[in-house]
Structures are given as structure tokens and as C-alpha cells.
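Index from 1, following the sequence. Order of appearance sets the numbers: ligands from 1, and atoms from 1 within every ligand.
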Amino acid sequence: MSLRIDILTLFPEMFTPILGTSIPKRAAEKGLVEYHLTNIRDFATDNHKSVDDKPFGGGPGMVMMCQVVFDAVESVEKLDLRPATRIILSPQGQRFEQKMAEELSRKERLLLIAGHYEGFDERIIEGLRPTELSIGDYVLSGGELAAMVVVDSIVRLLPGALGAADGAADESFSDGLIEYPQYTRPREFGGMAVPDMLLSGNHKNIAEWRHEQREKRTRERRPDLWADYLRRKQEKENR
Ligand code: SAM
């Protein structure tokens with residue numbers, strides 16, 4: 001069965017070019033995933049189609065109101081029997097990483113809620129009990145770009161989404177290491193040559209070289225990942 005992804009947003013049109021291009025598009029065409037976009041504003045009940053209001057206690061900006069979000073979630077969840085994993089995009093959430101993308105790619109249904117303005121009335125979080133995900137320590141204008149980042153990284157992990165030739169197995173973060181350096185034709189460019197090893201045709205040696213490169217790059221560029229990698233390796237050896 002395909003993964004159903006519902007996205008609740010005030011700007012559904014932002015998603016069309018991304019979900020309609022490249023791997024997200026091909027995955028949907030292959031029947032691996034379905035995207036359903038819902039405009040939260042459709043659930044506004046007043047003449048002005050309001051979705052936000054001023055914060056109690058004062059302060060800048062506007063806050064997304066409970067009623068529209070609760071009604072949108074209730075209505076969308078009823079459209080399919082599969083229970084949805086609720087996700088709210090928020091800079092205050094848990095940091096979204098590859099491990100979480102892998103976990104979410106195994107679900108049957110995801111419901112992502114993109115905020116805007118100053119964010120959500122806190123009772124939306126209390127009431128819906130979603131997983132709050134942040135794509136990094138910076139503030140975006142809205143959750144749409146963050147939702148697209150999350151969706152893209154999940155969809156490419158669905159079995160069959162990538163061609164057999166470009167699987168996700170060796171990619172950065174797949175096992176806590178970043179990827180090895182890649183080269184393509186020509187063999188020499190501007191005085192820079194492709195490492196001899198990659199031209200040797202010896203697949204076992206190439207695999208070893210690539211693994212060494214992954215370790216070297218991770219150690220040099222991402223000491224945080226390297227420390228985790230060593231810890232896990234040590235734990236495995238102690239078992
Ligand atoms: N006032 C909020 C705060 O300081 O935490 C920021 C609100 S931000 C301007 C508006 C919306 O963008 C958020 O509700 C969230 O959906 C989204 N957003 C912004 N930065 C994000 C991030 N780093 N990760 C995920 N979503 C983000």
C-alpha cells in the first residue's frame with residue numbers, strides 16, 4: 001500500500017512545483033506515495049476567512065487559531081481509515097534527521113501541518129499531540145519549505161523510489177557517516193585527476209577505499225557524527 005501524505009497549509013500552491021518534479025513526482029506516478037494538500041483557510045468560519053489573531057498578552061505578529069487547525073485535522077483524518085502520524089513543523093521541535101526520515105518512511109500515513117505568522121496557539125500542540133519537527137536552528141517565514149524538506153527526504157527512501165542504480169544505501173547519514181567523494185568523466189579536468197583507485201576496476205578495493213574516505217570525511221568535517229559512530233562501533237564490539 002502506498003504512503004499517504006496529507007499536508008495542511010495556508011499556501012498549497014507552494015507545494016505543486018516541488019511535489020510535481022523529479023523523485024517526489026516519479027514516486028507518486030509509481031504509486032508509492034499520494035500527496036493530499038488541504039488549505040487550512042477553507043476551515044475558517046467568519047466572513048473574512050480568518051485563520052489567525054493577535055496574541056494574548058500583546059507582542060508582535062499574529063497567532064494561528066485553534067478552531068481552523070482542529071477542524072482541518074478532523075476533516076482530513078476522516079478521509080482515510082489509516083491512522084495518521086501527526087507532525088507539526090516548528091523551529092521549537094526536535095531536530096529532523098535522517099534516522100527520523102527512515103522511521104517516517106515506514107509509516108502508512110503522515111499528516112504534516114505547516115504554520116505561518118508567529119506560529120500556533122499552544123493549545124493546538126496540547127490538543128493534537130503531534131511530533132514537532134524542526135529542520136534546523138533558524139526561523140523560516142512558514143512551515144511550507146520545512147514540510148517539503150521532510151517530505152522529499154522521506155519519499156526518496158520508499159522502496160522503489162530511487163532507481164536500482166542510485167539507491168540510498170551509501171548516502172550521507174545512512175549509517176552515521178557522510179558520503180565518499182564522487183567523480184565522473186573526464187578522467188582529468190583542469191589538471192585535477194580522478195583518484196587511480198576508482199579506475200582500477202577492483203570492486204573490493206574500491207569499496208574499501210570509499211569506506212575509508214567516508215570515515216576520513218566524517219572525522220574531519222563532522223566531529224559530532226564521528227563521536228557517535230565510534231561509540232556505536234565500540235558498543236557493537238563489546239556485545
Ligand atoms: N514565533 C515562532 C518561534 O519563534 O518559535 C516562529 C514562527 S515562524 C515565523 C512561522 C512558522 O514557520 C512556524 O510555525 C513553523 O511552522 C515554520 N518554521 C519556521 N522555522 C522552522 C524550522 N526551523 N523548522 C520547521 N518549521 C519552521
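Residue Pro91 holds the heavy atom nearest to atom 22 (C) of ligand 1 of all those in Pro91, Gly115, Gly142, Ala114.
For Tyr117, no nitrogen or oxygen atom sits less than 3.5 Å from a nitrogen or oxygen atom of ligand 1, counting backbone and side chain alike. Considering backbone and side-chain N/O of Ile113, none are found under 3.5 Å from N/O of ligand 1. For Ile135, a nitrogen or oxygen atom sits less than 3.5 Å from a nitrogen or oxygen atom of ligand 1, counting backbone and side chain alike. Polar contact with ligand 1: present for Leu140 (N/O pair, distance under 3.5 Å). Geometrically, ligand 1 and Leu89 share a nitrogen or oxygen pair separated by less than 3.5 Å. In terms of polar-atom proximity, Ala146 is not counted as a contact of ligand 1, lacking any N or O under 3.5 Å from an N or O of the ligand.
Within the listing of ligand 1, atoms 23 (N), 24 (N), 25 (C) sit less than 4.0 angstrom from a heavy atom of Ser134. Counting atoms of ligand 1 from 1 in the listed order, those under 4.0 Å from a heavy atom of Leu133 are 25 (C). Short contacts between ligand 1 and Val139, defined as distances under 4.0 Å to a heavy atom of the residue, involve ligand atoms 6 (C), 8 (S), 9 (C), 20 (N). Residue contact check: Gln92 has heavy atoms under 4.0 Å from atoms 3 (C), 5 (O) of ligand 1.
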>> Quick one, Ile154 with Leu3, criterion side-chain contact (heavy atoms from CB on, under 4.5 Å). Give me CA distance, side-chain angles, the key distance, then yes/no.
In response: CA-CA 10 Å; Ile154 290 169; Leu3 167 66; 4.0 Å; yes
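Classification of Arg106 and Glu102 as a salt-bridged pair fails, no side-chain N sitting under 4.0 Å from a carboxylate O. We find that Glu220 and Lys216 are joined by a salt bridge, their nearest charged nitrogen and carboxylate oxygen being less than 4.0 Å apart. Using a 4.0 Å cut-off between charged side-chain N and carboxylate O, Lys233 and Glu237 make no salt bridge. We find that Arg109 and Glu77 are not joined by a salt bridge, their nearest charged nitrogen and carboxylate oxygen being 4.0 Å or further apart.
Here Met64 has no heavy atoms under 4.0 Å from ligand 1, in either its backbone or its side chain.
The closest side-chain heavy-atom distance from Ile178 to Phe173 is below 4.5 Å.
Counting non-hydrogen atoms of other residues, nucleotides and ligands closer than 6.0 Å to CZ of Arg82 gives a total above 12.
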